[in-house]
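Before any comments, here is the structure.
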Amino acid sequence: MKVIKEKHSFLMRWTHWVNFPVLTVMIWSGLLIYWANDVYTITIFDYTLIHFFPQWFYDVFAIPQRLAEGMAFHFLFMWFFMLNGALYLLYTIFSGSWKQLLPNRHSFAEAWQVVLYDLHLRKTAPLQGKYNAAQRIAYTAIIVMGIGSAVTGLAIYKPVQLNWLTWLCGGYHLARIEHFGLTIGYVLFFVIHLAQVIRAGWNNFRAVIAGFEVVDQPNVTTPANPATDENLLPHVSHE
Amino acid sequence: MENKELKRPSLEATIDKKIKRRTFISFASFFALSGLGLGAWKWLYNSPEEISGITAGAHKPLRDALNTSEQVFKQVYSNTHLVKTYPKSMAATDVRVNGDIGLTDETFRVQDWQLEVEKEAGKLLTISMEQLKKLPKTEIIYSFKCIEGWDQIQHWGGLRFSDFIQHFNLESQSKKAYVGMQTPDEQYYVGIDRESALHPQTILAYEMNGHPIPVENGAPLRLIIPVKYGVKNLKRIGKITFSDTRPRDFWAEQGYDYYSGL
């Protein structure tokens, strides 16, 4: 018997889908800014593995010579990014949905089992609530990263007026590196996130747009206790 | 029991219908809102450039946003917020030169230079280097920040702009909202808000690393204003003006933020 099960609240879906294009514009405009002083590399023993970024990359995305434009876009969309993030944070704190999100004392051990399961090295996934252990860690991390981007960004933007923030980030240079590193982190997160969403399938994806999942409940006529049962359904889908 | 058996198919059908309905409404709303968002982005991306004036070269809505952000961050501005300073040993000996706009006039002679201050329209005050050097010397070793993203610890010496105002009786002029500065050939020019100009670490510099400033670094007198990006640190000051409206600013005409405050 199919049952509609509410999964994601409206505010969670709203902030998720606002964040996606806003963050995309922030990353793009950030690249226009970074280009003007593109000094970061990954270098081991004088051998440069990666230079951020190679010329072909700049050419593909039409990055060069657009610093002023990049700053103008970045300093408008920073407001959207921060307001949307603040809305999400306030909602998550006051609705109590942080309880389903934050890792608990089992999460770190369980996350490993989730990874093994995802890699088909383990047959069963650990029991989970709304999010599995790996999701709890990943989604909490991405929120912390979002806060980090706002903080390191402000530290670079106003290093004199907000010099306490710059100090907190370990100085101007480190703040800029952190700001850059977090962005690389978003891109890596996005790649895994997208792969997992595709893998998890339609029911899971629909929930982030429509808010509900369809689950099979064989004995719908017996008055089960949904409050306790619901949180322990063995899900196999997770994005 | 019989009743329930009869109800089942219809209940399942109801749920199926409900699922379809909610899915449809949600996805339709999602695509409609995405379309609106995409439309808003296209409008912004293709929005016309501002009308060229004191500022130019930016999309009109983005210029408005820059000016709004300026107002927001002016709320946290204070002249008690000082730029971090460093020991002399950390100052760069090879001081980075990033541009020569306003410095290309080959007839310019450092020894003939005099500073002009426009006290009011048509009324110029001329000041020599000797007069300036009589004022107390302030030295600062701080991290000069370029709008491009690099920074360098540099050592500059000169007189505080606020001391300059006081000594040459320019208090009434300095009550105006902006200070304008330009090179003798008028090719490079900046506008600075009053508060930033009067910041205790803003100096009119005539020394770099304890020696007269080299030509390419802005000889004989340049602005060092640590609460602004390098673009506002005008080299080879020819003339200083005061106004209640924004003075011309070279990079603000190229799409950059007028305020450019740190």
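In the text below, chain A, chain B and the rest are named by the order of the sequence lines, each starting its count at 1. Note that the coordinates shown come from a computational prediction; the quantities given were computed from them, not determined experimentally.
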Report, as yes or no, whether the 6.0 Å neighbourhood of atom CH2 on A/Trp202 holds more than 12 heavy atoms from other residues, nucleotides or ligands.
-> yes

A/Val208 and B/Phe30, any side-chain heavy atoms less than 4.5 Å apart = no

Name the region of B/Asp64, side chain, backbone, both or neither, that has any atom closer than 4.5 Å to a heavy atom of chain A.
-> neither

Interface residue of largest heavy-atom contact number with chain A, from B/Val72, B/Leu33, B/Ile25, B/Leu38, under 4.5 Å = B/Val72

Close side-chain approach of A/Phe75 to B/Thr68, heavy-atom, < 4.5 Å | no

Flag the pair B/Lys84 / A/Asn163 as yes when at least one side-chain heavy-atom distance between them is below 4.5 Å, and no otherwise.
-> no

Could you pull out the closest heavy-atom pair between B/Tyr229 and A/Ile156, with the gap in Å?
-> OH-O, 4.3 Å

CG on A/Asn37 to CD1 on B/Ile147, rounded to 0.5 Å | 12.5 Å

Non-hydrogen atoms of chain A under 4.5 Å away: do they reach the side chain of B/Trp251, the backbone, both or neither?
-> neither

Any idea which of B/Ala58, B/Pro226, B/Ser78, B/Ser34 has the most non-hydrogen atom pairs under 4.5 angstrom with chain A?
-> B/Ser78

Any side-chain heavy atom of B/Glu148 sitting closer than 4.5 Å to one from A/Ile33?
-> no

Residue-level contacts of residues 9-24 of chain A with chain B, using a heavy-atom cutoff under 4.5 Å = A/Trp14, A/Trp17

What residues of residues 59-67 of chain A sit under 4.5 Å from chain B when you count only heavy atoms?
-> A/Arg66, A/Leu67

Who wins among B/His59, B/Lys145, B/Lys18 for the most heavy-atom pairs under 4.5 Å with chain A?
-> B/Lys145

Measure the CG-NE2 distance between B/Leu66 and A/His74 for me, rounded to the nearest 0.5 Å.
-> 12.5 Å

Got B/Arg22 and A/Phe212 here, is their nearest side-chain heavy-atom distance under 4.5 Å?
-> yes

Non-hydrogen atoms of A/Val160 and B/His81 that approach each other most closely = CG1-O, 3.7 Å

May I ask you to test the B/Ile15-A/Met1 pair for a side-chain heavy-atom distance under 4.5 Å?
-> yes

Least distance between heavy atoms, A/Ala210 atom then B/Ser26 atom | CA-OG, 3.3 Å

Okay, A/Tyr34 and chain B: the region with an atom under 4.5 Å from a heavy atom over there is neither

Can you tell which part of B/Ile19 gets under 4.5 Å to a heavy atom of chain A, answering side chain, backbone, both or neither?
-> both

Can you say whether the rings of B/Phe73 and A/Tyr157 are parallel (under 30°), tilted (30 to 60°) or perpendicular (over 60°)?
-> perpendicular

Looking just at side-chain N and O atoms, do B/Ser69 and A/Trp79 make a donor-acceptor pair shorter than 3.5 Å?
-> yes

Taking the side chain as every heavy atom from C-beta outward, state whether B/Asp257 and A/Met71 have any pair of such atoms under 4.5 Å apart.
-> no

May I ask you to check whether over 12 heavy atoms, not counting those of A/Leu188, lie within 6.0 Å of atom CG?
-> yes

Below 4.5 Å, heavy atoms only, C-beta onward: do A/Lys158 and B/Tyr77 meet side chain to side chain?
-> no

Sort out for me which of A/Thr166, A/Val39, A/Leu162, A/Leu76 touches chain B most, counting heavy-atom pairs under 4.5 Å.
-> A/Leu76

Part of A/Arg176 within contact of chain B (heavy atom distance under 4.5 Å) | side chain

Would you sort out whether A/Phe80 and B/Trp41 count as a ring pair (Phe, Tyr, Trp, His ring centres under 6.0 Å), showing the intermediate values?
-> CA-CA 13 Å; A/Phe80 303 146; B/Trp41 169 252; over 10 Å; no

Should we count CZ of B/Phe24 as having more than 12 external heavy atoms under 6.0 Å?
-> no

